[in-house]
**Q** 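Pasting in a structure now, in structure tokens, and then I'll have a few things to ask.
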Amino acid sequence: GNAYTVALTSIPCAAEPPVNDLCANATVAIEGANPFDNTFAGSEVTTPSCGFGGTAFTKDVWFTFTATQTGDYNLSTCLGATPFDTGIEVYDSCPEAGGLLLACNDDGPGCAAFASSLNFGMVTGTTYTIRVAGWGGAVGATDLTITFVGDAPSCGDPGIGSCCTAQTTPFCEDAACCTQICAADAFCCDTQWDQVCANAAITGCAGC
């Protein structure tokens, strides 16, 4: 016995995927800020890597970066105006073409909104493929910031400590083992190579 009115409204939406939605169309990144928006991106990679709780990163955008110096670079989504819950992966080429995962970070130390930050050793003249995606479907618009940090500790640095034993600093000196363990547990490279990291290395790395 009641009369109702239904009002429909709409907002125009340019729901186009970003230009770097596919690895084959990766944007060439520079040192400094590289803006991106993954709101309408697809998910070219669906395999979980280092996402918290085994959750896959989705809604990915792609960059390539050629190192101009040999040493460690910091890759971060923490420094943009609107950080959100992201993951960063570094490959030697596009994974759909057989590229291998070299480094990964979910929640960077000190980052707001569960944004990402990792240090990764690069070689002058080598081009790396970078995937930035949302954790569990998170979307937003911010920056991938690339900064040369020189001799910051990273996987494979000699003398940094055995992967097979616990230590008070992050990373360990076996690059392959370090990358493998940190891809599964980012804490080991973000904060400390503790006994949990060492136990994982003892179980999973041939060097131990």
**Q** Within the distance-only criterion (no hydrogens, no angle test), does the side chain of D185 pair as donor or acceptor with the backbone N or O of I181 below 3.5 angstrom?
**A** no
**Q** Begin from the C-alpha positions of M122 and L75 and carry the test side-chain contact (heavy atoms from CB on, under 4.5 Å) through to its verdict.
**A** CA-CA 12 Å; M122 299 187 184; L75 311 178; 4.2 Å; yes
**Q** Report the residue from C155, C178, C182 that forms a disulfide (SG to SG under 2.5 Å) with C189.
**A** C182
**Q** Between V149 and N119, is any pair of side-chain heavy atoms under 4.5 Å apart?
**A** yes
**Q** Using the side chain to side chain contact (heavy atoms under 4.5 Å, CB included) definition, which of the options V19, V45, V132 pairs with W62?
**A** V45
**Q** I'd like to know if the side chain of T70 pairs up with that of T124 as donor and acceptor (distance under 3.5 Å, no hydrogens or angles considered).
**A** yes
**Q** Shared ILVMFWY cluster between F84 and I88, side chains joined below 4.5 angstrom?
**A** yes
**Q** Any donor-acceptor pair under 3.5 Å linking the side chain of E173 with the backbone of G159?
**A** yes
**Q** Would you check, one step at a time, whether the test side-chain contact (heavy atoms from CB on, under 4.5 Å) holds for F114 with F52?
**A** CA-CA 10 Å; F114 303 106; F52 177 77; over 6 Å; no
**Q** So, the side chain of D143 versus the backbone of T77: is there a donor-acceptor pair under 3.5 Å, distance only?
**A** no
**Q** Keeping Q167 on the side-chain end and F171 on the backbone end, is there a donor-acceptor pair under 3.5 Å?
**A** yes
**Q** Taking atom types as modelled and ignoring hydrogens, do the side chains of T39 and D37 form a donor-acceptor contact shorter than 3.5 angstrom?
**A** yes
**Q** Please check this pair: side chain of D107 against backbone of N105, looking for a donor-acceptor N/O pair closer than 3.5 Å.
**A** no
**Q** Considering only heavy atoms from C-beta outward, does the side chain of F40 approach that of V139 to under 4.5 Å?
**A** no
**Q** So which of Y91, F120, F65 actually passes ring pair (Phe, Tyr, Trp, His ring centres under 6.0 Å) with Y128?
**A** F120
**Q** So, D92 side chain and L100 main chain: donor-acceptor pair closer than 3.5 Å or not?
**A** yes
**Q** Do you see a donor-acceptor pair shorter than 3.5 Å between the side chains of T86 and S116?
**A** yes
**Q** Between N74 (side chain) and T147 (backbone), is there a donor-acceptor pair under 3.5 Å?
**A** no
**Q** Does one side chain, of N20 or N25, offer a donor that lies under 3.5 Å from an acceptor on the other?
**A** no
**Q** Between C172 and S162, which heavy-atom pair has the shortest distance, and what is it?
**A** CB-C, 4.0 Å
**Q** So if I apply the side chain to side chain contact (heavy atoms under 4.5 Å, CB included) rule between L144 and each of I130, T27, L79, V61, which one comes out positive?
**A** I130
**Q** Any non-hydrogen side-chain atom of S49 less than 4.5 Å from a side-chain atom of F57?
**A** yes
**Q** In the structure I gave you, are the side-chain heavy atoms of V90 and Y73 within less than 4.5 Å of one another anywhere?
**A** no
**Q** Side chains of D174 and Q180, heavy atoms from C-beta outward: is any pair under 4.5 Å?
**A** no
**Q** Please name the pair of heavy atoms, one in G137 and one in K59, separated by the smallest distance, quoted to 0.1 Å.
**A** O-CG, 4.4 Å
**Q** Determine, stepwise, if the pair T68 / F148 fulfils side-chain contact (heavy atoms from CB on, under 4.5 Å).
**A** CA-CA 9 Å; T68 58; F148 182 72; over 6 Å; no
**Q** C205-C177 sulfur separation below 2.5 Å?
**A** yes
**Q** Distance-only, no hydrogens or angles: does the R131 side chain make a donor-acceptor pair with backbone N or O of E44 under 3.5 Å?
**A** no
**Q** Measure from the side-chain N and O atoms of W193 to the backbone N and O of C163, and report whether any donor-acceptor pair falls under 3.5 Å.
**A** yes
**Q** Please check if any side-chain donor atom of T127 sits under 3.5 Å from a side-chain acceptor atom of T66, or the reverse.
**A** yes
